[in-house]
Every structure is written in C-alpha cells, then in structure tokens.
Trainee: 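Handing you a structure now.
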2 protein chains.
Amino acid sequence: MAAFEPLTPERRRAMTRQHLLEAAAMVFARDGFQRSSLDEIAATAGFTKGAVYSNFKGKDDLFLAVLEERFERGQSAIRGALDTEMHTEAEWMPRIASAIRESMWDDNWTMLFLEFVLYTARNPDSRAKFATHVRRTLKWSEELISQEYEAAGTPPPFAPADLAIISMCMFDGLGVYRLVDPSFTSDRTLRAVLHFLSETIGFDEGATSS
Amino acid sequence: MAAFEPLTPERRRAMTRQHLLEAAAMVFARDGFQRSSLDEIAATAGFTKGAVYSNFKGKDDLFLAVLEERFERGQSAIRGALDTEMHTEAEWMPRIASAIRESMWDDNWTMLFLEFVLYTARNPDSRAKFATHVRRTLKWSEELISQEYEAAGTPPPFAPADLAIISMCMFDGLGVYRLVDPSFTSDRTLRAVLHFLSETIGFDEGATSS
DNA sequence: TAGGCAGCATACCGATGAGTATCTAGGATT
DNA sequence: AATCCTAGATACTCATCGGTATGCTGCCTA
C-alpha cells in the first residue's frame, strides 16, 4: 500500500471517494445507469447515500466522475502495455493480443463505455468532454502508427489518422460483438484481425503478401 | 397504401401493433429502455397503455418485439441496396457509402442497437436470440464477400468469415463513434475506410499493392 | 478540554412508472 | 335487432429511487 501515509482527513475523504467511484463503475456496468440506485452503489462501497452526496453533486456527477477516472486509467494502462519496443510480429503479437483482451475487451469496461456513449449522446452538455477523451485516445493511436511508419521507413499508404480511427473502431466494435457472443472474438479471429492490420498498414517490412 | 384492404379487426389490431412498435423504437432510442415509459410510448402511437398490454406481455416483450422487427427490416434494406451488380470502384463506392450512412449510421438505429446489446448482455435469456440475428447478418456479409472473391477469381488472402466480422465491426464501431462526434465519420474518412477495405480485401482486380 | 466542524448516517418526501383490475364501445355473430 | 366479445381506455396500487433535511460522531483548533 505504498509508503504508509498517515491518513489525514483529506486522505480519508479521497479514499471514500475512490471506493465510491470503484463501486459505481461496477454497478453502472452491471445494471446500467438508470437502473443503478445510489443506495446500492453506496452499500457496495461500504457506505450510505450520504457519502455519495458528500462527495458528488448527484447521480449524474458521480457518473461523469467515473467516466473521467476510467479514461485516465485506460489511457495509462494501454500506454504502459505498448511503450516497449517490439519489432517482429512474433514478438508483439502475443503482447498486443493480451493487451487488447485485458484492457479493451473487458466486458465491464465495454458495458461502461456503451453507457457513456448513450448517456453523452443524450446529454449534449457532457458529450463534448467525452468526445475530447476519445479524440485524445485517437491522437495517441495516430502518433503510435506514425512512429511505426517512420521506424519502418516506408511511406504510409493510408493516412495515420484514418488508420487510427479504423483500428480503434474495429477493436471497440469487436468488444461490442463480444458482449453478444464471446465466440465472435476467438483467438483465431483476433490473430486474423491483428495480422490483417499489420499487413495492410505495412508495419512488418518482410510481410509475406497473401 | 397497397390494394385497399377492407380493415378487418385483425388488420386493425395489426396496425395498432405496428404503430406501437414504431413509437417504441423512437422512444427507446431517444430515452433509453429504462427511462422510456409505456405511457409515453402509447401516447406517441396515439393510444394508451391499455393498447400496449393488449398487444404485448409487458415492457420487455415490447422491447424484444422491436428488436425482431428492426432486424428484419434492416436485413432487407441492406440486401435491397446491395444486390445489384457493381464492378468498378467508382460505381459501387457512392452507392455503398450512402447505404452505410442511411442504413447503418442512422443515429436512431445505432442507439437502438446499443440498447439491444446492453439489454441482452444483461438478460441471458434473450441474448441467444440476438446473437442469432447478428450471426445471420455476418453470414450474409460473408457470402457477399465470398461471391466477390469468386467473381474476381483471386484466392482470398483472408478468410471471408474473418473479413465479414472485421468489416461489420468497423462500420458498427464507426457508427458508435459517430454518436460521440459526427465529424469522426466525415466523407473523407468513410471513403478512406471503404478504399482501405476494398484494396485490402482485394476485390478490385487492379489493386496496387502498397 | 471545550467548542466547532466536516463527513457520513438516518429519516423522510415526492414523483414516477410498471403492472392490474375494471369498464366501455363498436364490430361480429346469430 | 339482441347479444357477445374483444381491443383498447381509465383508474388505481405499490414499489422504487433521487434528492433533501437533519442528526450524530470523531478529529482538528484554540
């Protein structure tokens, strides 16, 4: 638990807030935003509704706080999983594959993500913020692709920005289909998708065509 | 209005049922499943809640009926838009592009689709049926791709089944991103995606490989 | 150590909405 | 024309839940 800090009142408060966020993420994903009750969220965290209203303005505020927190976390998780140098397909394939499975294809995350999408689609006020997060993720993906192109020394046959949105949509889309039936995302399919991407994009210099 | 049929009681009943389904699709997409009230759905259709319970077992049954109806409709819509022979990219590109926009990227449909996904993900009983629908769509897409390969006379570099799920996920994924910000799916991006697919899959016989 | 206050608990209110029970009217049947 | 019957309307119940107002308790300050 890190270097045992003396639990000041501020830290206690931060901890309850964190517990509430954690519980909220669970319950929202499991039951959906509307069906989730603040009582149950609080109880799951080991508190009561008072703790919620002491840390958040209301249900919507809590939901949006979960959104922020999860995006930050996801960002750093993927970043951490991918920032090591990987050159041959045999080298990066298993790493990327498990990163996708663990970070993007976690069912709880996918359901939360869809709840976010639907919520923000219906609440124009918060939609802009969500769009900003997505844009940041896309930008990061785009840069990653550009770097790979530079490393490979080949001219991009497609604009990195397009490839970024293409791959993100593909993985997110597969995550959604996975909710419908996990067998849609078998290992074989995932490897096919990754191979498809790498060959098309052209990272792998010695790729065998066909 | 077809050949003026004399409005038997059965036809009246079928019409109210249809109106209810239509209204339900609208309201469910706009407000979400949980937040939609049967009173408002009935009122939107020009009836009262009594009509709903006379035609459906309850809210869930209505929702699932909407699901069935929309999948049937979507299936035939896409099929109708694509079953004409198209060979050159300049020929099929605009047709496909507008078909995608109108059939798959209709915001109402996307939101309904996501509601379906989340609902069935939480209701294992109905998930199997939903998966069946999705599987049928995938199968249809797979056959379409296989036919194109046969017509082109080239051996598929990727399994048609994989390509089917890849393209479906990509378009659905883009539809989701479109909810977050329509500018993610500009004409330029859509054309890039279609070009990306066609070149990668290899339909276009004279495709320039990288 | 006495007071104050912040964090959370408890108790309550009001609105909402799914489901049900009952009623009614208008077409079908004889 | 008298009757029936069903689609749909109306009226009600009851549980749920977001929000608020208030109460309590333990840690900080003086």
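Convention: sequence-line order gives letters A, B, ...; per-chain numbering from 1.
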Trainee: Would you list the atom pairs, donor with acceptor, under 3.5 Å between side chains in residues 56-72 of chain A and any protein atom, with sequence neighbours excluded?
Mentor:
residue, atom, partner, partner atom, Å
A:Lys59, NZ, A:Phe33, O, 2.9
A:Lys59, NZ, A:Gln34, O, 3.2
A:Lys59, NZ, A:Ser36, O, 2.8
A:Asp60, OD2, A:Tyr119, OH, 2.3
A:Asp61, OD2, A:Lys57, N, 3.0
A:Glu68, OE1, A:His133, NE2, 3.0
A:Glu68, OE2, A:His133, NE2, 3.4
A:Glu69, OE2, A:Gln18, NE2, 3.0
A:Glu69, OE2, A:Arg73, NH2, 2.8
A:Arg70, NH2, A:Glu22, OE2, 3.2

Trainee: Partners of B:Arg127 by side-chain hydrogen bond (donor to acceptor under 3.5 Å, both in side chains), sequence neighbours excluded?
Mentor: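 B:Arg127: no side-chain hydrogen bond (donor to acceptor under 3.5 Å, both in side chains) contacts found.
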Trainee: By a strict heavy-atom criterion of less than 4.0 Å, which residues belonging to residues 46-59 of chain B are in contact with DNA chain D?
Mentor: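 Heavy-atom contacts with DNA chain D come from B:Phe47, B:Thr48, B:Gly50, B:Ala51, B:Ser54, B:Asn55.
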Trainee: From the 5' end of DNA chain C to its 3' end, which nucleotides mark the outer limits of contact with chain B, defined by a 4.0 Å heavy-atom distance cut-off (strictly under)?
Mentor: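 From 5' to 3', the first and last contacting nucleotides are C:dG17 to C:dA28.
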Trainee: Please identify each residue that fulfils salt bridge (charged side-chain N to carboxylate O under 4.0 Å, His left out) with B:Asp39, with sequence neighbours left out.
Mentor: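 Residues passing salt bridge (charged side-chain N to carboxylate O under 4.0 Å, His left out) with B:Asp39: B:Lys49.
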Trainee: Between A:Ser183 and A:Ser186, is any side-chain donor less than 3.5 angstrom from a side-chain acceptor?
Mentor: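 Per modelled atom types, A:Ser183 and A:Ser186 side chains form no pair under 3.5 Å.
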Trainee: Who pairs with B:Ser37 by side-chain hydrogen bond (donor to acceptor under 3.5 Å, both in side chains), at least two apart in sequence or on another chain?
Mentor: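 side-chain hydrogen bond (donor to acceptor under 3.5 Å, both in side chains) check on B:Ser37 returns nothing, list empty.
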Trainee: Reading DNA chain D 5' to 3', which nucleotide is the first, and which the last, to come under 4.0 Å of any heavy atom in chain A?
Mentor: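 The contact span of chain A on DNA chain D goes from D:dC17 to D:dC28.
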Trainee: Would you check if A:Leu174 and B:Ile165 make a side-chain contact, meaning some heavy-atom pair closer than 4.5 Å?
Mentor: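 In contact.
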Trainee: Is the shortest side-chain heavy-atom distance between B:Asp172 and A:Val176 below 4.5 Å?
Mentor: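 In short, these two side chains do not touch, never coming nearer than 4.5 Å.
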Trainee: Please name all residues satisfying salt bridge (charged side-chain N to carboxylate O under 4.0 Å, His left out) with A:Arg12, sequence neighbours left out, ordered by chain then number.
Mentor: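 Residues passing salt bridge (charged side-chain N to carboxylate O under 4.0 Å, His left out) with A:Arg12: none at all.
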Trainee: Of all residues at least two apart in sequence or in a different chain, which pass the salt bridge (charged side-chain N to carboxylate O under 4.0 Å, His left out) check with A:Arg13?
Mentor: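 With sequence neighbours excluded, A:Arg13 shows a salt bridge (charged side-chain N to carboxylate O under 4.0 Å, His left out) to no residue whatsoever.
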Trainee: Taking only residues two or more places apart in sequence, or in another chain, which ones meet B:Arg135 in a salt bridge (charged side-chain N to carboxylate O under 4.0 Å, His left out)?
Mentor: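 Testing B:Arg135 for salt bridge (charged side-chain N to carboxylate O under 4.0 Å, His left out), a comparison that skips the adjacent residues, returns A:Asp181.
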Trainee: Listed in order of residue number, which residues of residues 26-43 of chain B have a non-hydrogen atom at under 4.0 Å from DNA chain D?
Mentor: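 Residues of residues 26-43 of chain B that come under 4.0 Å of DNA chain D do not exist, since none gets that close.
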Trainee: Could you tell me whether A:Arg122 and B:Asp31 make a salt bridge, using a distance below 4.0 angstrom between a side-chain N and a carboxylate O?
Mentor: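 So A:Arg122 does not pair with B:Asp31 through a salt bridge.
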Trainee: Partners of B:Ser141 by side-chain hydrogen bond (donor to acceptor under 3.5 Å, both in side chains), sequence neighbours excluded?
Mentor: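 If we apply the side-chain hydrogen bond (donor to acceptor under 3.5 Å, both in side chains) test to B:Ser141, skipping adjacent residues, there are no hits.
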